[in-house]
Amino acid sequence: MKKKERFVLEEIQIKEEQKQRILQNIAAEVEQKHWKYTPSLWEIFKGQLKYISAFCLGGQAACMLTVILLLGYFQERGGNTLTYLGVFSVAASYVGVFLLMELSRSRDYGTMELEQSCYLNLKQVWCIKMILFGCLDFVMFTVMILGIAGNTSCGAFRSMVYLLVPFVISNSAQLWVFTMLRGGRREYLQMGTGILAGGVSLIPLSNPQWYSMEYFGIWVLALAVSLGFFTREARQIYHKLEEGEIVCWS
């Protein structure tokens, strides 16, 4: 019977100094690793900019530039109260179109379905976009309000109410379109809704008395009612987004 051969492992000599040096290098590399990364608000905001449509952002910027140029033109030509109120009411009606078109892109291109299966916070994406477009809206409204208040007999508060009424009504109608429909060429319907709201905002110009202090209470009431409808539509969208209802029914 043949004996089995035994293998004896040769003992490897380890230099203690070299071992310690290698372990120290490994420890130094580990210390440099960032195990928990928490981006700043600016990093989050900057990272979302590349996902915003150049068309929507450019359209919003073009609207702001147009408002500034129109204000300068009216001041040079000496525009009257109805000119300022009429033109800027139409501009206020169209201010929110590009934001809702951008939100439509976020919803239509499968991101809502992606949120249900991947680590994607769609509400955060929408929040970043609303902050950016909201800042541009704030600049435009500030320019329009100061322009009306500085060149007409209307004060800043009345000018703000006169502009907010067509703005909120237009955005409420566009939000309803945003809620009811998905896919297709809905952005054209939203643009048409903004144009229609702009036309409706010109109706008070047929009777200049509507802009007098006597009828100001009606404007405040219209603003309150439209804000209520807008809030209702916004809450419905939030709940549908939170519960995934839009994904299930689309």
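All residue numbers refer to positions in the sequence shown, counting from 1. On a predicted model such as this, the values are computed, not experimentally measured, just so you know.
Side-chain heavy atoms closer than 4.5 Å link hydrophobic residues (I, L, V, M, F, W, Y) into clusters, and following such links, possibly through other members, connects L163 to L205. I218 and V200 end up in different hydrophobic clusters when Ile, Leu, Val, Met, Phe, Trp and Tyr side chains are linked at under 4.5 Å.
Using a 4.5 Å cut-off on side-chain heavy atoms (C-beta onward), V95 and F133 make no contact. At least one side-chain heavy atom of F74 sits under 4.5 Å from a side-chain heavy atom of T83. Using a 4.5 Å heavy-atom threshold, the side chains of F88 and L71 count as touching. In this structure, the side chains of Y162 and C154 come closer than 4.5 Å at one or more pairs of heavy atoms. At least one side-chain heavy atom of S226 sits under 4.5 Å from a side-chain heavy atom of L223.
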Are R232 and W176 close enough, and set up right, to give a side chain to side chain contact (heavy atoms under 4.5 Å, CB included), and what steps lead you there? CA-CA 10 Å; R232 175 179 173 273; W176 180 79; over 6 Å; no
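The CE atom of M64 lies 10.5 Å from the CG atom of L69; values are rounded to the nearest 0.5 Å. The structure places CZ of R21 at 12.5 Å from CD1 of I26, a figure rounded to the nearest 0.5 Å. Put simply, CD1 on I145 and CZ on F138 are 8.5 Å apart, with the number rounded to the nearest 0.5 Å. The CH2 atom of W210 sits 15.0 Å away from the CG atom of L85 when rounded to the nearest 0.5 Å. Atoms CG and CD, from D137 and Q60 in turn, are 4.5 Å apart once rounded to the nearest 0.5 Å.
No side-chain donor-acceptor contact under 3.5 Å links E233 and N171.
Looking at every heavy atom in both residues, I148 comes nearest to S159 through CG2-OG, 3.2 Å. Taking both residues in full, the closest heavy atoms of Q174 and V97 are given as OE1-CA, 3.1 Å, listed atom of the first, atom of the second, then distance. In terms of heavy atoms, P208 sits closest to L82 at CG-CD1, 3.8 Å. Listed here is the closest heavy atom pair of C63 and M140: C-SD, 3.7 Å. Between Y211 and S89 the shortest heavy-atom distance is OH-OG, 4.2 Å. The two residues V165 and W219 make their nearest non-hydrogen contact at CG2-O, 3.5 Å.
Among residues two or more places apart in sequence or in another chain, the side chain to side chain contact (heavy atoms under 4.5 Å, CB included) test is passed with L196 by none. For S212, the side chain to side chain contact (heavy atoms under 4.5 Å, CB included) partners at least two apart in sequence or on another chain are Q209, E214, Y215. For F141, the ring-ring contact (aromatic ring centres under 6.0 Å, His included) test picks out F167, with sequence neighbours left out.
Environment of CD in Q20: crowded, with over 12 heavy atoms of neighbouring residues, nucleotides or ligands closer than 6.0 Å.
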